[in-house]
Q: 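So that we are looking at the same thing, I have put the structure below in structure tokens.
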Amino acid sequence: MAVIEVKDLRKTFVRPDGTELHVLNGINTKIVKGEKIAVIGPSGSGKSTFLRCLNRMEEPTSGTITFNGEDITSPSCNINLVRRKMCMVFQHFHLFPHLTVRKNLTLAPVDQKLMTQEEADVKAHELLARVGLADKIDEWPDRLSGGQKQRVAIARAMAMSPDVLLFDEPTSALDPEMIGEVLDVMQELADAGMTMYLVTHEMGFAYKIAHRVLFIDKGIISEEGTPDEVFNHPKQPRTIEFLSKVLRR
Amino acid sequence: MLWIVGAFLVFLLWRSGFFTAEAWSDFNRRFYQNFVKDDRYMMLVDGLKSTLFMTAGATVIGVIVGLILSVIRVAYKGGVHIPVLNKFAETYITVLRGTPAMVQLLIWNFTIFASARDLNTQYIAILAFGLNSGAYVAEIFRGGIESIDAGQMEAARSLGLTYGSSMRHVILPQALRNVVPMLFNEFIALLKETSIAGYIGIDDLTRAGQNIQALTLEHSQPLVMVAIIYLIMVMVLSKLVKKLEQWLSRGRR
């Protein structure tokens, strides 16, 4: 069964001057348990907006999103309960700078009474060990490097034991030499069977871990398929043009 | 800093007759008259107690009111739409910042609580100063909350925290840290502002100085003494806020 199913998702922003900006123009897709989907496309194509609509960081204008069989776009849906199981990793990490690494990981599960502080501490320790930062548990976020911050942010999302992780360009704000350590952590999560949506510009990584690749352009999925199909045998002219530009380097 | 304060004190002492040669010998006699005879210094001590009591009470009310008002206004912008509350908060801030504190104090005392004569006037003053301060504190808090990166709220919400929990655990602690200096300036202003409490018959520190004046017909020493006491308190508070800032910024780079 599909974990997330998206039907005719549309998102229109209204600018202050009243004009409309159609960012998503009817997205249809689904993800099954354990699947990794990479979302690629040019800037402004709507790929981040698509991801942010999935956990309703952005309110969809129309269309439906079903998560574990529940329509999460309906008014009766408690989105907070959905977000416990569909966590997000951001481009700019957004760690809580006033809390130690430990508290960053334990705040959400403890506040929502999913765990006691003791249980959450144990879990935090496990997760930090998993991302290779067990020794940083009592450190302040501002004392970490960019790569370390993003690994903590991934651990923070994992602390909720989510069914799905949404990655919104997780390596785009990192120094090149720190990208590897974050990708390694994501690779490990992927190998452990996590269901993942990944918006990225790291084509090599997308090729390596994705089961399917979505190419979004002008708010629709203009091409999709296995990494081999999309990267090695693209059919749409726009996909070919985009890939020729980003892969030239 | 200390030099300027020192020079100012010397100036005040000069004005109160400390350095005029013929008055020098007179100084001790007048000092005795003003502060020692009949334990008149106790008037200043009692006045100081009253000033501190009012400032402390008004501070508590000001912070609570300011916090509530600012959260109402920020929440309204952030998507929690309760138009009645937002309108109330807006009007409150406009009215209380748009009229002099002294007029508000007089209105509270002579109009709103006109018939409650057995009520301790100090409580009326605390209410008046506290509600007035709340309007300023609200704007301080609002600035502090809005200075926090929007990503913080998003990150908190993305982990399933409610809007209220995100505010309480993520946004407000950071906002508070940012506004501590401004908040303390507001309290220092409040400490000085309570000096108008004499207008509704409260024997605060300022009024105590005037009361001594009335007894001794002495026009300089009591008020200069009052000024020095205010100054010392303000300087001590300013030192404390510096320490507090350092403590709050621990863990930051």
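Just so it is clear, the model here is predicted, and its values are computed rather than measured. Sequence lines set the chain letters: A, B, ... in the order given, protein chains first and strands last, and positions in each chain run from 1.
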Q: Below 4.5 Å from any heavy atom of chain B, which atoms of A:Met88 appear? Answer side chain, backbone, both or neither.
A: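 Both backbone and side chain.
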Q: Is the number of heavy atoms from other residues, nucleotides or ligands under 6.0 Å of B:Tyr123 OH greater than 12?
A: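 No.
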Q: Pick whichever of A:Leu95, A:Asn78, A:Thr100, A:Val89 has the most heavy-atom pairs under 4.5 Å with chain B.
A: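 Ranked by contacts with chain B, first place is A:Leu95.
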Q: Using the test side-chain contact (heavy atoms from CB on, under 4.5 Å), find all partners of A:Ser74 that sit at least two apart in sequence or belong to another chain.
A: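 Per chain and number, A:Ser74 pairs via side-chain contact (heavy atoms from CB on, under 4.5 Å) with A:Asp71, A:Ser76, A:Cys77.
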Q: Out of curiosity, A:Gln112 CD to B:Thr162 OG1, how far, rounded to the nearest 0.5 Å?
A: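 Those atoms lie 8.0 Å apart.
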Q: At a heavy-atom separation under 4.5 Å, does A:Phe90 approach chain B through its side chain, its backbone, both, or neither?
A: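 Just the side chain, heavy atoms under 4.5 Å.
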Q: Suppose a student defines contact as a heavy atom less than 4.5 Å from any heavy atom of chain B. Which residues in residues 44-64 of chain A would they list?
A: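 Those residues of residues 44-64 of chain A which have a heavy atom under 4.5 Å from chain B are A:Arg52, A:Asn55, A:Met57.
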Q: Under 4.5 Å heavy-atom distance to chain B, tell me which part of A:Leu166 shows up: side chain, backbone, both or neither.
A: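 For A:Leu166, no heavy atom lies under 4.5 Å from chain B.
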Q: Is a donor on one side and an acceptor on the other found under 3.5 Å between the side chain of A:His98 and the backbone of B:Ala175?
A: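 Such a contact is absent between A:His98 side chain and B:Ala175 backbone.
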Q: By number, which residues in residues 122-137 of chain A have some heavy atom less than 4.5 Å away from chain B?
A: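 Checking residues 122-137 of chain A against chain B gives no residue, so none.
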Q: Which residues, numbered in order, of residues 147-160 of chain B come under 4.5 angstrom of chain A by heavy-atom distance?
A: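 Result: B:Asp149, B:Gly151, B:Gln152, B:Glu154, B:Ala155, B:Ala156, B:Arg157, B:Ser158, B:Leu159, B:Gly160.
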Q: Knowing that exactly one of A:Leu107, A:Leu99, A:Val110 qualifies, which makes a side chain to side chain contact (heavy atoms under 4.5 Å, CB included) with B:His169?
A: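 That would be A:Leu107; it is the only one of A:Leu107, A:Leu99, A:Val110 passing the side chain to side chain contact (heavy atoms under 4.5 Å, CB included) with B:His169.
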Q: Surrounding NZ of A:Lys11 (heavy atoms of other residues, nucleotides or ligands, distance under 6.0 Å), is the total greater than 12?
A: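 Atom NZ in A:Lys11 is packed in, count exceeds 12.
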